[in-house]
Number of protein chains: 2
Amino acid sequence: METIKKRSECPISCSLDIFGDKWSLLIIRDMMFFNKSTYGDFLKSAEGIATNILASRLQALEENKLIEKLVHPESKAKVLYKLTQKAIDLLPVIVEIHLWAEKYFDIPTEVKILLKDAKKGKDEFIKTTTRQLKKQIAS
Amino acid sequence: METIKKRSECPISCSLDIFGDKWSLLIIRDMMFFNKSTYGDFLKSAEGIATNILASRLQALEENKLIEKLVHPESKAKVLYKLTQKAIDLLPVIVEIHLWAEKYFDIPTEVKILLKDAKKGKDEFIKTTTRQLKKQIAS
DNA sequence: TATTTGCACTTGCAAAATGCAAGCAAATTT
DNA sequence: AAATTTGCTTGCATTTTGCAAGTGCAAATA
């Protein structure tokens, strides 16, 4: 159990501080649903994160134990980023944000497709996806 | 349905942009669960938001139709902030963030108490709370 | 073996956002 | 009439961001 001492004492405040901004959550989302796992993957992603910000977010995510850095099996020049259990536990949060977003915004088709199953049976979707993600990080 | 055109084209990105940072979500949380409804309430709240930031967040929340400004029934000197349906729809997001936070952080007792019911039956809790909040904004 | 390419970052700098303290006008209380 | 409360605004120093350009290492190519 972590205690973060900041100017803002806890509530969700401290847990939201972990993210810094939207970028961290988007990185996790992209890892969960769009199979991104390298620096280059994130850089190329639709949202257009700046390279220095990406570096700082990845570092923060690692420090907060939401991701792990591994040597990429394909090549030593590559880094493979992997989710931790702590990050996987964010799945319900990410799903709910997307469901809300779908209600009030135009979201891209790829995301809509993803949400189709989630809307049919939310609990089932979360259970299934969690199991898949766990399997991924186990290997 | 809104379309936000920013450097980052959509996903949750645009919906997260609405919040700007943690403060907006905390304001909504405080309105939902801790009966805060005036500028002074938010200023005094535990997290310690700066006054200019509070002003800018309230403005953004109003522009994004998550809150409404009304004359306070007690006095014309006061402003009463009220949640919109769009904000109430964020309840599941806020609940999930808190449940995650409780798992990995030390959260204050007042929040823990709140979460007790949510953990017993999440769907029921969300349904009941939504109904309550709707009643509040109706009056 | 030499060289070019790809990948994961770092660095420098201008622009924007933040935090703090102080100020301010209108409404209420004394 | 004076003091206080409420909801902000303003100025300014500090921090964070975004963009462009580099750097260092590994692997592919010549």
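Residue numbering restarts at 1 for every chain, and letters A, B, ... go by the order of the sequence lines. From a predicted model like this one, the values you see are computed outputs, not experimental measurements.
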Between A/Ile94 and A/Met32 the two heavy atoms that sit nearest each other are CD1-SD, 3.8 Å

A/Glu74 CD - C/dA8 C1' separation (whole Å):
15 Å

Between CG of B/Leu70 and P of D/dG7 the distance, given in whole Å, is 13 Å

For B/Tyr81, check side chain to side chain donor-acceptor pair (under 3.5 Å) against everything at least two apart and list the hits.
none

Nearest-Å distance for atom pair CD/P, residues A/Gln59 and C/dC9:
10 Å

Would you say A/Lys44 places a side-chain N or O within less than 4.0 Å of OP1 or OP2 belonging to C/dA8?
no

What integer distance in Å separates B/Trp23:CH2 from D/dT16:C1'?
16 Å

Please state how far atom OH in A/Tyr39 lies from atom P in D/dG24, giving the value in whole angstrom units.
17 Å

I need the full list of side chain to side chain donor-acceptor pair (under 3.5 Å) pairs touching residues 126-138 of chain B, with sequence neighbours left out, sorted by first then second residue.
B/Glu124-B/Thr128

Using OP1 and OP2 only, check whether a side-chain N or O of B/Ser75 sits under 4.0 Å from C/dA27.
no

Check the distance between C/dG19's P and B/Leu54's CG and give it to me in whole angstrom.
12 Å

Are the side chain of B/Lys82 and the backbone of B/Ile137 linked by a donor-acceptor contact shorter than 3.5 Å?
yes

Check every strand shown and say whether B/Thr51 touches a base, only sugar-phosphate, or nothing at a heavy-atom separation below 4.0 Å.
base

May I ask you to test the B/Phe33-B/Leu91 pair for a side-chain heavy-atom distance under 4.5 Å?
yes

Please list, in numerical order, the residues of residues 76-83 of chain B that have a heavy atom closer than 4.0 Å to any atom of DNA chain D.
B/Ala77, B/Lys78, B/Val79, B/Tyr81

Is it true that A/Asp89 and A/Lys86 have a side-chain N and a carboxylate O under 4.0 angstrom from each other?
no

Nearest-Å distance, CD1 (A/Ile67) to C1' (C/dA8)?
13 Å

Can you check whether B/Arg57 has a side-chain N or O nearer than 4.0 Å to OP1 or OP2 of C/dT18?
yes

Nearest to the A/Ile53 side chain among D/dG18, C/dC20, C/dC9, which nucleotide is it?
D/dG18

Nearest heavy-atom pair of A/Lys119 and A/Leu99: which atoms, and what distance?
CG-CD2, 3.5 Å

Round to a whole Å and report the spacing from CD1 of A/Ile49 to P of D/dT16.
16 Å

